[in-house]
Amino acid sequence: MIKKIQLPLQTANLVVGFMVWVILSSLISFITQDISVPPERLAIVTAVPVVLGSILRMPFGYYANFVGARTLFMWSFILLLFPVWYISEADTFTDLIVGGLILGVGGAVFSVGVTSLPKYYPKEKHGLVNGIYGAGNIGTAITTFAAPIIAGQIGWQPTVKLFLILLAAFALLNFFFGDRNEPKPDVRLSMFEQIKGISGNPKLWLFSLFYFITFGSFVAFTVYLPNFLVGNFGLDSVDAGIRTAIFIAVATFLRPVGGLLADKFQPMFLLIATFSVYTVAAIILAFSPSIGLYTVGSIAIAISAGIGNGVIFKLVPFYFAKQAGIANGFVSMMGGLGGFFPPILLSIIYSMTGAYSIGFMLLSQVALASLILVVWLYYSDRLSLQAEVFRSTGQGVLVTDAGGKIRAVNPMFTKLTGYTEEEALGNNPNMLSSGRQPQEFYRNMWKQIKEEGMWQGEIWNRKKNGEEYLQWLNIAAVRDETGEHVRYVGTFSDITKEHGQNFRR
C-alpha cells in the first residue's frame with residue numbers, strides 16, 4: 001500500500017514545494033507597495049529563490065538515494081517554515097533577499113522524486129512516471145493564480161502565512177505515509193567521486209544544456225511574466241497572474257505527455273521538434289508583438305518546455321542508471337540556473353535598450369544551437385551503436401576498400417586469425433589464403449559478388465601461426481549512390497570443429 005501511493009504523494013510534495021518556491025514572484029506587485037524595491041532590483045528579488053533551488057538539486061538528488069524521499073521531503077517542508085514566516089514579516093529589501101534565498105529549498109525538492117520514483121517502476125515506464133511527477137510544476141501556477149487573488153482580499157502578508165499551514169500538513173503526511181523502506185542502491189562512492197565520474201561524459205553536459213533551455217525558460221517565464229505583463233502591456237495584477245498561470249499549466253500538463261511520448265518514440269526526434277518550435281517562437285517574441293502574438297509565442301514556448309522537460313528526464317536515467325541521483329541533480333540544477341539568468345539578463349537589456357528584443361533573439365539562437373547539437377547527438381549515438389556492434393559481435397569482421405585493401409577489422413578477427421589490427425590494415429585479405437581453393441573458385445566468387453552484391457559459403461583459410469581452418473564466410477558489397485561498389489564487408493566464423501578434424505590436411 002505504501003509503495004503504491006508514492007507517486008501521488010511525491011507529486012503532491014512537488015506541487016507544494018513549487019507553490020512555496022514562487023511566493024515572491026507571484027506577490028511582488030503587492031509586496032512593492034509596502035517595501036521599497038528599486039526597479040532595477042526587482043528581477044534580483046524574484047530570481048534569488050532560483051539560486052539555492054538550483055544549487056541544492058545536486059546534493060538533494062544524491063542523498064535521495066541514501067536517506068530516501070520520505071526524510072528529505074519531510075525535513076525540507078519543516079525547514080521552509082522559517083523563510084515563509086520571515087517573508088511574511090519582512091519590511092526591507094534585505095529581508096526579501098534573505099527569505100527568498102532559503103525559499104529556494106522548495107525548488108530543490110524536484111531532484112528527490114526523479115531519483116526516488118523510478119525505483120518503483122520498470123524502465124519502459126520511467127518517462128511517464130517522471131513526467132507525471134514533473135507535473136508537480138503546476139504548484140507554480142496555483143500560487144501565481146491564487147496568491148494575488150487572496151492577497152487582494154486579505155493582504156499579502158496573511159497570504160504568505162497561509163503557506164505555513166500547508167507546509168506543516170505535508171511534513172506530517174510524509175512522516176506517516178512516506179516509504180520508510182525505500183530501496184537503496186548499492187553505491188559506495190561519495191558525492192564528489194560520483195560527480196568526478198560523470199563529469200567527463202559529454203552527454204551530461206548536453207542534457208544539462210537542453211534542460212537549461214527547457215526548464216530554464218519555464219522558470220524564467222514563470223518569474224518574469226507577472227511583472228512584465230503589468231509593466232509592458234498595462235494589465236492588472238490578477239489578469240497578469242491568470243495569463244502566467246495558463247502558461248504554467250500548459251507546460252506542466254504537457255510534461256507527462258513528453259515523458260509518455262519518449263517511452264514510445266525516439267526521444268531525440270522529439271527534442272529536434274522541441275527546439276525547432278523554440279527557435280521560431282523566440283523570434284516572434286523578439287519583434288515585440290502585440291499581446292495577441294505575444295500570447296501565441298509564449299504558449300508555443302510553454303508547449304515546447306513541457307514536452308522537452310518530459311523527454312529529457314526519460315534520457316537522464318537511461319544513460320546514467322547507476323548515477324541517476326547525482327546526474328538528475330546535476331541536470332536539474334542547470335535547468336534551475338537556466339531560470340535564474342534570463343530575468344536578470346532581460347532586465348539589463350531592457351535598461352540599456354528600452355526593449356526585450358535582443359534577449360529573445362539570444363534565446364532563439366541558443367535554441368537553434370541546441371537543435372544542431374541534438375541532431376549531432378542522434379547521429380553520433382547511431383555511430384557509437386554501430387561501432388559497439390562491430391566491436392562486440394561474435395564473428396570476425398573485416399572491411400576492405402574497392403581495391404581490396406583492409407581498412408577495418410574487429411577484435412574477433414584478431415582472435416580467430418591471430419593477426420592484430422595493425423598487421424591487417426593496408427594488407428589484402430589474401431594474406432589469410434590457405435592455397436586450398438583453385439583460382440577458378442575465387443573467380444566465381446567475385447563474379448557472384450559483382451552481379452548479386454554478396455557471396456557466402458565455406459572456405460579454407462590460414463591463421464598467422466600457419467594453422468589451417470574452415471570458415472563460413474559472408475561477403476557483402478557496399479554501393480554508393482551511383483551503384484558502384486565502394487567497399488566490401490566480410491564476416492566469418494570458424495566451423496572446423498563442427499565438421500571434425502578429418503577435414504584437416
Side-chain angles (χ1 to χ4, degrees), residues 200-203 206 266 268-269 272 372-499 503-505:
N201 190 326
K203 287 186 176 66
L206 287 173
Q266 168 55 254
M268 296 301 176
F269 289 162
I272 288 171
I372 295 169
L373 287 171
V374 173
V375 174
W376 172 83
L377 181 59
Y378 171 71
Y379 283 104
S380 67
D381 253 12
R382 290 188 61 184
L383 290 174
S384 297
L385 177 61
Q386 293 168 2
E388 184 61 31
V389 171
F390 181 76
R391 289 192 299 269
S392 61
T393 183
Q395 292 185 310
V397 182
L398 73 158
V399 181
T400 73
D401 58 23
K405 299 294 183 183
I406 297 175
R407 295 305 180 194
V409 297
N410 72 338
M412 187 56 70
F413 172 93
T414 299
K415 184 176 181 179
L416 291 174
T417 68
Y419 288 98
T420 65
E421 182 179 11
E422 291 75 16
E423 292 170 327
L425 296 183
N427 282 310
N428 193 287
N430 61 18
M431 65 187 284
L432 304 172
S433 176
S434 67
R436 284 201 185 194
Q437 287 79 215
Q439 288 300 313
E440 185 66 20
F441 173 89
Y442 291 106
R443 281 195 293 269
N444 291 333
M445 181 180 74
W446 281 104
K447 180 182 178 182
Q448 183 176 335
I449 294 172
K450 295 292 185 183
E451 292 176 352
E452 301 179 14
M454 66 172 296
W455 178 91
Q456 61 180 355
E458 296 178 355
I459 185 171
W460 283 96
N461 271 336
R462 179 183 286 113
K463 299 181 181 181
K464 181 180 178 181
N465 63 7
E467 177 187 348
E468 293 181 356
Y469 67 105
L470 186 62
Q471 272 187 5
W472 179 263
L473 175 64
N474 295 270
I475 300 177
V478 179
R479 306 173 187 268
D480 63 13
E481 61 274 7
T482 67
E484 292 294 319
H485 292 185
V486 292
R487 65 181 64 87
Y488 300 96
V489 180
T491 60
F492 62 92
S493 55
D494 186 345
I495 60 172
T496 308
K497 291 182 180 179
E498 286 84 343
H499 286 72
F503 274 79
R504 295 183 184 277
R505 281 183 176 173

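Heavy atoms only: backbone and side chains are in, while hydrogens, waters and symmetry mates are out.
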**Prompt:** Does Arg462 reach the main-chain N or O of Glu468 with its side chain, forming a donor-acceptor pair under 3.5 Å?
**Reply:** no

**Request:** Report the C-alpha distance between Gln471 and Leu416 in whole Å, list the side-chain angles of each, state the deciding distance to 0.1 Å, and finish with yes or no for side-chain contact (heavy atoms from CB on, under 4.5 Å).
**Result:** CA-CA 10 Å; Gln471 272 187 5; Leu416 291 174; over 6 Å; no

**Asked** What distance do Met445 atom CE and Ile475 atom CD1 have between them, rounded to the nearest 0.5 Å?
**Response** 4.0 Å

**Request:** Answer whether the closest heavy-atom distance between the side chains of Gln395 and Phe492 falls below 4.5 Å.
**Result:** no

**Complete:** Distance col, row Asn461:CG vs Leu470:CG, nearest 0.5 angstrom, shows 9.5 Å

**Message:** For Glu467 and Thr496: C-alpha separation, side-chain torsions, deciding distance, then whether side-chain contact (heavy atoms from CB on, under 4.5 Å) applies.
**Reply:** CA-CA 11 Å; Glu467 177 187 348; Thr496 308; over 6 Å; no

**Request:** Write down the atom of Gln266, the atom of Tyr378, and the distance for their closest heavy-atom approach.
**Result:** NE2-CE1, 3.8 Å

**Request:** For the pair Lys203 and Leu377, evaluate side-chain contact (heavy atoms from CB on, under 4.5 Å) and give the outcome as yes or no after the intermediate values.
**Result:** CA-CA 8 Å; Lys203 287 186 176 66; Leu377 181 59; 4.1 Å; yes

**Closest contact, heavy atoms only, Leu398 versus Pro429** = CD1-CG, 3.9 Å

**Prompt:** Which heavy-atom pair separates Lys450 from Arg479 by the least distance, and what is that distance?
**Reply:** O-NH2, 4.5 Å

**Request:** Over all heavy atoms of both residues, which pair between Glu423 and Thr420 is shortest? Give the atoms and the distance, please.
**Result:** OE1-N, 2.9 Å

**Complete:** Rounded to the nearest 0.5 Å, the CZ atom of Arg407 sits from the CG atom of Leu425 at a distance of 8.5 Å

**Request:** Locate the shortest heavy-atom distance separating Met431 from Ile406; write the atom from each residue and the value.
**Result:** SD-CD1, 4.2 Å

**Prompt:** Of all heavy-atom pairs between Asn428 and Gly404, which one has the smallest distance, and what is that distance?
**Reply:** ND2-O, 3.5 Å

**Asked** Which of parallel (below 30°), tilted (30 to 60°) and perpendicular (above 60°) describes Tyr488 and Trp446?
**Response** perpendicular

**Prompt:** Quick one: CD on Gln437 to OH on Tyr442, what's the gap to the nearest 0.5 Å?
**Reply:** 4.5 Å

**Asked** OG1/Thr414 to CD/Glu422 distance, rounded to the nearest 0.5 angstrom?
**Response** 8.0 Å

**Message:** Using the side chain to side chain contact (heavy atoms under 4.5 Å, CB included) criterion, which residues pair with Asn444? Sequence neighbours excluded.
**Reply:** Glu440

**Separation of Trp472 CH2 from Thr491 OG1 (nearest 0.5 Å)** = 10.5 Å

